[in-house]
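Please read the structure below before turning to the comments.
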Amino acid sequence: MHGKPFAESAEQNKGPILGVLRAWFTEPGSVLEVGSGTGQHAVHFAAGMPHLQWQPTEVQGRVEGVEAWRLEAGLANLRPARVLDAAGLWPAERYDYAFTANTAHIMHWPAVLATLAGVAGVLRDGGLFAMYGPFARAGRHTARSNLDFDRSLRRMDPGMGVRDMDDLEREALPCGLRLLEVVAMPADNFTLIWSRQHPDETRRAQRPQS
Ligand SMILES: C[S@@+](CC[C@H](N)C(=O)[O-])C[C@H]1O[C@@H](n2cnc3c(N)ncnc32)[C@H](O)[C@@H]1O
């Protein structure tokens, strides 16, 4: 690979996302990032939150780009990038936090579901998961730009598409992830903040009301 990969979108959104993460990921701990992309986010967030140990991950063949950013940055709290395909095997290690940006609309739906289950599996009870990107809400796109984006994604690959946060919420709950907050972000994006519940709490929440 020649040079570091670069995404203008990551340059644009890394500041606002860092603001949200700083507000939620307040205690020292470890973070698992899924689908780190170029590695720009990992470097920016590790530098901006020295109380966290940041673990970037990517699919096979994309880890090298993240490593190029990491090696240049030389940050003590940025761990070597690892291969993680959300639809495959997840690490056995436990994390205090998890983060992913702009992956749900790229992954096919089964991989999105695997991400929710995988994150729930690696987070300790009470751990937080931040998911950034464009999302629809209650079956409707929240902005014209997201509708256009959704259409262009589905033209490229019918398995991709802007996800509805209500579908995510419904699917995440049985996994043990409860949606705590929906944070509106610039450019018609959102950060969804989830909490890993203790399995007993999840069972209680699913019990039908008599
Ligand atoms: C639009 S990019 C976003 C990258 C970065 N998070 C950002 O916001 O700049 C989507 C990323 O999801 C990753 N991805 C796609 N399918 C994945 C999967 N099954 N497991 C993990 N990552 C996946 C891609 O390799 C790609 O880097």
Side-chain angles (χ1 to χ4, degrees), residues 7 10 13-14 17-18 20-71 73 75-107 110-133 163 168 171-173 175-181 183 190-199 202:
N13 60 32
K14 67 184 187 182
I17 298 173
L18 177 60
V20 174
L21 295 184
R22 272 197 181 129
W24 286 89
F25 293 5
T26 52
E27 298 299 315
S30 55
V31 187
L32 180 69
E33 181 183 16
V34 180
S36 297
T38 61
Q40 288 159 268
H41 276 167
V43 166
H44 191 68
F45 301 152
M49 295 180 287
H51 61 294
L52 300 179
Q53 287 289 320
W54 198 273
Q55 175 63 69
T57 71
E58 252 299 339
V59 294
Q60 195 85 46
R62 299 201 65 172
V63 166
E64 294 74 10
V66 182
E67 278 297 276
W69 280 90
R70 182 187 72 86
L71 291 168
L75 296 164
N77 64 329
L78 182 54
R79 296 179 183 172
R82 289 191 192 159
V83 173
L84 174 60
D85 184 329
L89 277 183
W90 281 68
E93 195 179 343
R94 288 284 169 275
Y95 291 86
D96 301 290
Y97 306 104
F99 170 75
T100 195
N102 292 314
T103 52
H105 58 269
I106 298 295
M107 291 180 191
V112 176
L113 298 182
T115 300
L116 297 173
V119 165
V122 297
L123 278 184
R124 63 165 177 76
D125 290 345
L128 296 175
F129 173 37
M131 190 183 213
Y132 169 88
R163 309 301 172 190
L168 294 171
E171 297 291 344
L173 196 57
C175 300
L177 291 175
R178 189 163 62 88
L179 186 60
L180 292 184
E181 187 105 355
V183 184
F190 295 94
T191 302
L192 311 181
I193 307 287
W194 313 77
S195 164
R196 175 71 173 103
Q197 294 187 305
H198 187 277
T202 305

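Computed from a predicted structure; not experimentally measured.
Using a 4.5 Å heavy-atom threshold, the side chains of Thr103 and Tyr132 count as separate. Between Leu192 and Leu179 the shortest side-chain heavy-atom distance falls below 4.5 Å. In this structure, the side chains of Leu52 and Met49 come closer than 4.5 Å at one or more pairs of heavy atoms. Taking the side chain as every heavy atom from C-beta outward, Leu180 and Trp194 never approach each other to under 4.5 Å. Side-chain contact between Val112 and Arg163: present, with at least one pair of heavy atoms (C-beta onward) separated by less than 4.5 Å. The shortest side-chain heavy-atom distance between Trp54 and Asn77 does not fall under the 4.5 Å cut-off. Residues Arg70 and Leu75 form no side-chain contact, since every pair of their non-hydrogen atoms from C-beta on lies 4.5 Å or further apart.
Here the closest heavy-atom approach between residue Gln40 and residue Thr38 is recorded as OE1-OG1, 2.7 Å. Closest heavy-atom contact between Val66 and Pro56: CG1-CB, 3.7 Å. Taking all atoms of both residues into account, the shortest heavy-atom contact from Ala46 to Leu78 is CB-CB, 4.0 Å. Considering all non-hydrogen atoms of both residues, Val119 and Ala98 come closest at CG1-CB, 3.8 Å. Here the closest non-hydrogen pair linking Leu32 and Thr57 is CD1-CG2, 3.6 Å. Between Ala86 and Met107, the closest heavy-atom pair is CB-CE, 3.8 Å.
Side-chain atoms of Thr100 do not come within 3.5 Å of backbone N or O of Met131 as any donor-acceptor pair. The backbone N or O of Gly176 lies less than 3.5 Å from no partner atom in the side chain of His198, so there is not a single donor-acceptor pair. For the pair Arg62 (side chain) and Val83 (backbone), a donor-acceptor distance under 3.5 Å is absent. Distance alone, capped at 3.5 Å, is enough to place a donor-acceptor pair between the Asp96 side chain and the Ser30 backbone. Side-chain atoms of Tyr97 come within 3.5 Å of backbone N or O of Glu27 as a donor-acceptor pair.
Aromatic pair Phe129/Phe99: ring centres not closer than 6.0 Å.
Thr191 OG1 to Trp24 CH2: the interatomic distance, rounded to the nearest 0.5 Å, is 11.0 Å. Taking CG of Asp125 as the reference point, atom CZ of Arg94 lies at 9.0 Å (rounded to 0.5 Å). Residue Leu123 holds its CG atom at 10.5 Å from OH of Tyr95, rounded to the nearest 0.5 Å. Summarising the geometry, atom CD belonging to Glu67 is positioned 12.0 Å from atom CD belonging to Glu58; distances are rounded to the nearest 0.5 Å. With rounding to the nearest 0.5 angstrom, the CZ atom of Arg82 is 12.0 Å from the OG atom of Ser36.
The only option from Arg196, Gln197, Glu171 that meets the side chain to side chain contact (heavy atoms under 4.5 Å, CB included) definition with Leu177 turns out to be Arg196.
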inquiry  = Please determine whether side chain to side chain contact (heavy atoms under 4.5 Å, CB included) holds for the pair Leu84 and Val34, giving the CA-CA distance in whole Å, both sets of side-chain angles, and the decisive distance to 0.1 Å.
reply    = CA-CA 7 Å; Leu84 174 60; Val34 180; 4.2 Å; yes
query = After noting the C-alpha distance and the side-chain angles of His41 and Asn13, does the key distance pass the side-chain hydrogen bond (donor to acceptor under 3.5 Å, both in side chains) rule?
reply = CA-CA 9 Å; His41 276 167; Asn13 60 32; 2.6 Å; yes
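The side-chain hydrogen bond (donor to acceptor under 3.5 Å, both in side chains) test applied to Arg79 returns Glu93, not counting sequence neighbours. Listed by chain and residue number, nothing satisfies the ring pair (Phe, Tyr, Trp, His ring centres under 6.0 Å) test with Trp69 (two or more places apart in sequence, or in another chain).
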